Amino acid sequence: MSVRTLASSKETTTVDGGPSPLTQKRRPFGVWFKDKGWRHVVGIVTTIFAVFPLLYVLSAALDSNGTLVGSNGLFSRFDTGNFVALFSDPTRPFGRWFVNTLVVGTVTSAATVFLGAMAAYAFSRMRFKGRRMGLLTLLLLQMFPQLLAVVAIFLLLSGISQVIPALGLGSQLGLIMVYLGGALGVNTYLMYGFFNTVPQSLDEAAKIDGASHVQIFFGIILRLVTPILAVVGLLAFIGISSEFVIASVVLTDPDSQTLAVGLYSYVAQQRSENWGVFAAGAVIAAIPVMALFLFLQKYIVSGLTAGSVKG
């Protein structure tokens with residue numbers, strides 16, 4: 001056999017005797033599109049649909065002469081005039097709103113995670129009378145949103161203001177208490193299901209060694225349920241940062257308002273709308289949420305990955 005014949009045989013056959021990938025015919029475009037191609041189209045359309053509003057708001061924030069609804073093109077002009085106007089208005093303290101949002105969101109999220117974890121641990125590990133009814137009650141309470149109680153919340157805080165002003169209308173502490181009042185429902189139920197995945201043999205082994213419920217909860221359980229704690233904390237912070245109705249009712253002082261309430265003042269009046277400054281504020285308001293998501297993402301991924309392999 002000649003060298004040329006041997007080379008051609010190597011190109012047309014593989015080690016196992018099958019045809020070489022180089023000689024295989026490519027599938028027709030219609031077959032590929034029906035099998036996998038349509039998924040790429042759906043992914044591209046979904047990405048454009050999700051990213052375009054964000055790019056539009058960012059473009060309006062970087063154009064001090066344009067408006068949110070009157071821009072002819074994206075990023076036709078770049079300047080920081082809207083951001084300068086956002087921080088230079090003494091009647092609208094954006095910096096204070098930003099700090100207030102961080103304080104209210106951080107405290108409420110941490111307290112929500114802590115209270116929900118304790119309630120979930122009690123329902124998951126302890127057996128007491130009314131346990132099933134308590135879980136069902138928490139689930140049913142979520143059918144009625146907190147928005148329905150706005151009038152009752154206003155009247156309640158108005159009465160508390162006459163006795164304890166620090167917990168009444170206009171106080172951030174009062175707003176935090178209102179948020180925590182509706183924090184145990186779905187969060188406790190989510191954590192309860194995750195706590196049940198932790199083997200109770202760990203609790204029994206710790207009890208044999210003399211550990212109490214407090215030691216088991218803080219020393220063992222919380223370390224094993226880190227993913228659900230991160231998820232609940234992230235969702236709570238996102239919800240509180242964007243909440244407007246209850247915050248606008250409770251926070252009457254401009255210096256104590258959050259970003260959602262304060263930014264509304266830029267577009268509240270029909271003839272004095274300033275959509276460019278509003279867009280700039282919205283861009284800055286999204287930074288803490290995005291940073292928290294990126295920070296907690298590694299804990300969620302690492303926790304799920306570590307828990308997927310059991311010895």
Side-chain angles (χ1 to χ4, degrees), residues 98-126 131 134-142 145-147 149 153 167 171-200 202-203 206 211-243 246-247 250 258-260 285-307:
F98 189 85
V99 174
N100 294 339
T101 302
L102 292 180
V103 172
V104 174
T106 303
V107 174
T108 307
S109 302
T112 298
V113 171
F114 182 68
L115 294 176
M118 289 194 298
Y121 177 79
F123 283 117
S124 176
R125 291 299 193 263
M126 301 179 183
R131 171 177 166 272
L135 281 173
L136 182 60
T137 302
L138 288 175
L139 186 61
L140 292 177
L141 286 177
Q142 297 307 301
Q146 203 173 20
L147 181 62
I153 291 173
L167 292 177
S171 67
Q172 297 179 6
L173 184 58
L175 180 63
I176 293 175
M177 293 295 106
V178 172
Y179 286 150
L180 292 180
L184 289 180
V186 65
N187 295 328
T188 300
Y189 210 80
L190 288 175
M191 291 185 182
Y192 167 75
F194 203 94
F195 275 47
N196 288 337
T197 62
V198 179
Q200 294 191 9
L202 297 176
D203 302 35
S212 61
H213 282 293
V214 175
Q215 293 173 330
I216 295 173
F217 177 72
F218 288 101
I220 300 177
I221 300 299
L222 289 185
R223 299 182 181 182
L224 298 177
V225 296
T226 303
I228 194 62
L229 299 181
V231 170
V232 171
L234 177 62
L235 294 178
F237 187 85
I238 293 176
I240 292 166
S241 300
S242 59
E243 202 281 322
I246 297 178
V250 177
T258 58
L259 284 173
I287 294 177
V289 176
M290 182 176 60
L292 182 62
F293 176 81
L294 295 176
F295 175 75
L296 294 179
Q297 187 179 25
K298 60 181 180 181
Y299 291 97
I300 298 174
V301 174
S302 63
L304 294 177
T305 305

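Note that this is a predicted model, so its numbers are computed, not measured. All values below were derived from every heavy atom in this structure, side-chain atoms included, with hydrogens, water molecules and symmetry-related copies excluded.
Considering CD1 of I240 and OG1 of T258, their distance stands at 10.5 Å, rounded to 0.5 Å. Put simply, NE2 on H213 and CD1 on I221 are 11.0 Å apart, with the number rounded to the nearest 0.5 Å. Distance check, rounded to the nearest 0.5 Å: CG of L234 to CG of L294 gives 10.0 Å. To the nearest 0.5 angstrom, F237 atom CZ is 6.0 Å from L292 atom CG.
The two residues L175 and I246 come nearest to each other via the heavy atoms CD1-CG2, 4.0 Å. Nearest heavy atom pair, residue L229 against residue M191, reads CD2-CE, 3.9 Å. Nearest heavy-atom pair, G116 versus T188, reported as atom, atom and distance to 0.1 Å: CA-OG1, 4.0 Å. The shortest non-hydrogen separation linking E243 to Y179 is OE1-OH, 2.6 Å. Across all their heavy atoms, V104 and T108 have their closest contact at O-OG1, 2.6 Å. Nearest heavy-atom pair, P288 versus F98, reported as atom, atom and distance to 0.1 Å: CG-CZ, 3.4 Å.
Every residue two or more places apart in sequence or in another chain that forms a side-chain hydrogen bond (donor to acceptor under 3.5 Å, both in side chains) with Y192 is listed here: R131. Residues satisfying the side-chain hydrogen bond (donor to acceptor under 3.5 Å, both in side chains) criterion with S124, sequence neighbours excluded, are N196. Residues that satisfy the ring pair (Phe, Tyr, Trp, His ring centres under 6.0 Å) test with F195, not counting sequence neighbours, are absent from this structure.
Side-chain atoms of S241 never come within 3.5 Å of backbone atoms of I238 as a donor-acceptor pair (strictly under, hydrogens ignored). Between the side chain of T101 and the backbone N or O of L259 there is at least one donor-acceptor pair closer than 3.5 Å.
The closest side-chain heavy-atom distance from R125 to V198 is below 4.5 Å. Within the 4.5 Å cutoff, the side chain of L224 has heavy atoms near those of the L202 side chain. Looking at D203 and Y121, their side chains come closer than 4.5 Å, going by heavy atoms from C-beta outward.
Few gaps surround CZ on F217; more than 12 heavy atoms of other groups in view lie less than 6.0 Å from it.
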